[in-house]
Amino acid sequence: MVKTRFAPSPTGYLHVGGARTALFNWLYARANGGHFVLRVEDTDAARNTEEAREAIFGGLSWLGIDWDEGPFYQSQRQEIYDRYWKILEDGGYIYPDPESGALRFRSPKETLTFEDKVCGEITVDRSAEPDMTLRRPDGSYIFHFVNVVDDIEMGITHVIRGEDHLMNTPKHLEIYKALGAKPPVFAHIPLILNEDGSKMSKRDQGAAVASYPAEGFLPDAVRNYLCLLGWNPKDDREKLSLEDILALFDWDHLNSSNAKFGLEKCQWLNGQYLAELSPQEFTEAAMPFAPEGTSPALLPLVQQKVRTLSEVKEWLRPILEDDFPTNPEAAAKISSNPDAKSYLEAIATALAETSEWTQDSIKQAVATTAATLGTKPGKLMFPLRVASSGVAQGTDLLATLELVGQERTVTRIRSRVASIFA
RNA sequence: GACCCGUUCGUCUAGCGGUCUAGGACUCCGCCCUUUCACGGCGGCAACACGGGUUCAAGUCCCGUACGGGUCGCCA
């Protein structure tokens, strides 16, 4: 059975690179009817934190990545490692560092070649490399050893990890051989970099998985975007369901060059996913991002506008605030139109006198006013938009005004007319 | 520095020797739709790192160079 794993060390936040590694492992297991294992590599006691562990688990869960086995903690598996350690000792592979007493692995120092599913055939001359340390003087084991032992012990068949591990693979292969174990299939996926090509760090926008729920991204959208970094369906599709991805997920769809992370496209994709939600689903998701006391009825107005839920607030302000500041350029555009003032005064009167307050009646009032003024209704819409909301670009005007209410709408128009044409 | 990997529009990418005057997407711009804003539709700008080979034919194969990234820990 196919078995993959994600093996983070709980020393920091979960970054997008790690999340994508986890995702690819998870996808490969799911696509092949296998198991996905979660293993926490917490051998460096000094650097581990519970907070980091929670951030990693939380991030995985948010993305919808679940695990079939584990979580295992390396800190709790000492006996297993001791058992394998004896094999190395008995094989004569271990010798102490004369200075510190740390224990090193006697490398065969050969040239070795292995097949990587992404990078192809890799050949490395190990003869000049120093022997790796596998055990500290205090008896604790080091990454290379426990990583290999666990992969053997857990029956991991495919190791998908970042390309930063590519040069660790020959070392690991030496350990597999010394242990008499069959190595797994390796696939080293390219790294995710900043737009300028530098390494992503916690400060960089979009680097931390935790920032996505906070910014109002949908897990499906982020998962979709992350898949597109280093993997693609080999056709023109970009918005892909999990089923679509699972159907196609395989080595020849992975590519081998590093990807630069672009938040813009992720936001666009998220907007696509948000737009597809039912109004009820959207309202529910968006409410936590709306200002205190916002009526849920207003939220569908912004559904087709926002790319992330954190943008909801900005779109809502012109609707919620009677004295929302008028956009200067929009105001200038209106005041430069010699007819605008009379248009707005007429429309304000018409709206004030209309007996019903629905989208249709507002539309009717606009049409009638336009007819009276001898102009087209379309000519009134922009001034009306600016005068009633303060902005040139906003939500659907008729629907918005209906929800704002008759009295407030008229008051807003008159107040802005006074200030714009002062 | 040594070793390893990589290099198609600004970005994500398609392309696995002829179908490439290089396709899609994000961004930006224009037009259409909308009696409004968006969405959507249509169109535009924009790329095969460079130099040698191999071949009738190279973005596609090979070799160099340049550039980018990674690794060389008693971190993982």
Side-chain angles (χ1 to χ4, degrees), chain A residues 7-12 18 40-44 46-48 74 97 99-104 116 118-120 122-126 128-130 132-138 140-144 146-147 161-171 188 190-193 195-199 225 227-239 252 255-269 271-272 275 301-306 315 362-363 366-367 370 375-386 388-389 391-401:
Chain A
S9 68
T11 53
V40 180
E41 307 219 324
D42 54 350
T43 54
D44 187 359
R47 305 200 319 163
N48 299 326
Q74 290 186 326
D97 180 277
E99 302 211 347
S100 66
L103 297 166
R104 292 183 183 277
D116 185 274
V118 174
C119 301
I122 310 286
T123 300
V124 182
D125 177 8
R126 298 272 303 142
E129 301 298 318
M132 58 187 151
T133 303
L134 292 188
R135 197 169 186 178
R136 301 184 184 91
D138 68 5
S140 61
Y141 295 106
I142 283 161
F143 165 70
H144 297 111
V146 291
N147 184 271
R161 64 206 333 186
E163 204 190 272
D164 51 340
H165 283 293
L166 190 60
M167 287 299 103
N168 283 153
T169 307
K171 298 179 187 176
H188 290 88
L191 271 17
I192 300 177
L193 309 172
E195 294 240 48
D196 65 0
S198 64
K199 207 169 182 171
Y225 179 73
C227 282
L228 258 17
L229 256 26
W231 177 91
N232 77 80
K234 294 193 179 285
D235 57 33
D236 290 341
R237 286 179 295 167
E238 298 213 294
K239 186 166 178 296
D252 55 335
N255 82 264
S256 51
S257 53
N258 292 345
K260 291 171 186 169
F261 182 85
L263 195 57
E264 292 247 314
K265 191 157 183 173
C266 187
Q267 289 170 331
W268 166 78
L269 200 51
Q272 300 286 307
L301 289 173
V302 304
Q303 179 170 4
Q304 306 300 321
K305 307 288 179 184
V306 298
W315 282 93
I362 297 166
K363 191 173 174 180
V366 172
T375 186
K376 288 187 282 189
K379 295 277 180 204
L380 298 183
M381 291 302 274
F382 183 74
L384 176 57
R385 173 178 289 283
V386 175
S388 62
S389 71
V391 291
Q393 275 132 21
T395 49
D396 178 82
L397 193 54
L398 270 12
T400 301
L401 295 185

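Just so you know, these numbers use all the heavy atoms, side chains as well, and skip hydrogens, waters and symmetry mates.
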Inset, instruction - Applying side chain to side chain donor-acceptor pair (under 3.5 Å), name anything that partners T395(A), two or more places apart in sequence or on another chain. - result: T400(A)

Legend entry - Minimum side-chain heavy-atom gap E41(A)-T11(A) below 4.5 Å: no

Considering only nitrogen or oxygen atoms on both sides, find all protein atoms under 3.5 Å from nucleotides 71-74 of chain B and state each distance.
unit_1  : atom_1 : unit_2  : atom_2 : d
rC74(B) : OP2    : T133(A) : OG1    : 3.1
rC74(B) : N3     : S100(A) : OG     : 3.0
rC74(B) : N4     : S100(A) : OG     : 2.2

Legend entry - Euclidean distance, atom CG of residue D252(A) to atom C1' of rC16(B) [Å, nearest integer]: 10 Å

Legend entry - C1' atoms of rU11(B) and rA66(B), separation to the nearest Å: 22 Å

Inset, instruction - Using the closest heavy atom to pick a nucleotide of RNA chain B for each, name whichever of A259(A) or G378(A) lands nearer the 5' end. - result: A259(A)

Inset, instruction - Taking only the side-chain heavy atoms of S257(A) (C-beta and beyond), determine which of rG6(B), rA76(B), rA14(B) contains the nearest atom. - result: rG6(B)

Inset, instruction - May I ask you to verify if any side-chain N or O of N232(A) is less than 4.0 angstrom from the OP1 or OP2 atom of rA14(B)? - result: yes

Legend entry - Atom pair distance, as rounded to whole Å: OH in Y141(A) and P in rA76(B): 14 Å

Legend entry - Side chain proximity check, E129(A) to K171(A), heavy atoms < 4.5 angstrom: no

Inset, instruction - Between W315(A) and Y225(A), name the one whose nearest nucleotide on RNA chain B is closer to the 5' end. - result: Y225(A)

Inset, instruction - Write down the distance separating the P atoms in rU21(B) and rG70(B), rounded off to the nearest Å. - result: 37 Å

Legend entry - Interatomic distance, K239(A) NZ vs rA25(B) C1' [rounded to whole Å]: 14 Å

Legend entry - Integer angstrom distance from the P of rU27(B) to that of rG64(B): 42 Å

Inset, instruction - Apply the side chain to side chain contact (heavy atoms under 4.5 Å, CB included) test between H165(A) and each candidate in M167(A), E163(A), R161(A); give the one that qualifies. - result: R161(A)

Just the atom pairs and distances: protein N or O near nucleotides 19-24 of chain B's N or O, under 3.5 Å.
unit_1  : atom_1 : unit_2  : atom_2 : d
rG24(B) : N2     : E238(A) : OE2    : 3.2

Legend entry - Proximity to the side chain of E41(A) - top-ranked nucleotide from rA76(B), rC5(B), rG69(B): rA76(B)

Legend entry - Closest listed nucleotide, where the reference is the side chain of L229(A) and the choices are rU35(B), rG15(B), rC12(B): rC12(B)

Legend entry - Nearest listed nucleotide, side chain of N255(A), among rG69(B), rU35(B), rU13(B): rU13(B)

Inset, instruction - Mind listing the closest non-hydrogen atom pair of A399(A) and L301(A) along with its distance? - result: CB-CD2, 3.6 Å

Inset, instruction - Quick one: label G197(A) by what it contacts on the DNA or RNA (base, sugar-phosphate, nothing), any heavy atom closer than 4.0 Å. - result: sugar-phosphate

Scan nucleotides 64-66 of chain B against the protein and return all N/O pairs shorter than 3.5 Å with their distances rounded to 0.1 Å.
none

Inset, instruction - Let me know the distance between CG of L263(A) and P of rA25(B), rounded to the nearest Å. - result: 21 Å

Legend entry - Whether K379(A) side chain and A370(A) backbone form a donor-acceptor pair below 3.5 Å: no

Using a cut-off of under 3.5 Å, enumerate the N/O to N/O pairs linking the protein to nucleotides 39-46 of chain B.
none

Inset, instruction - Evaluate the side-chain proximity of I192(A) to N258(A): yes if any heavy-atom separation is below 4.5 Å, no if none is. - result: no

Inset, instruction - Taking atom C1' in both rC20(B) and rC26(B), compute the distance separating them and give it to the nearest angstrom. - result: 23 Å

Legend entry - With sequence neighbours excluded, residues passing salt bridge (charged side-chain N to carboxylate O under 4.0 Å, His left out) with R104(A): D97(A)

Legend entry - Short side-chain N/O contact to rA38(B) OP1/OP2 from Q393(A), under 4.0 Å: yes

Inset, instruction - Return the value, rounded to whole Å, for the distance between atom NZ of K379(A) and atom P of rU36(B). - result: 11 Å

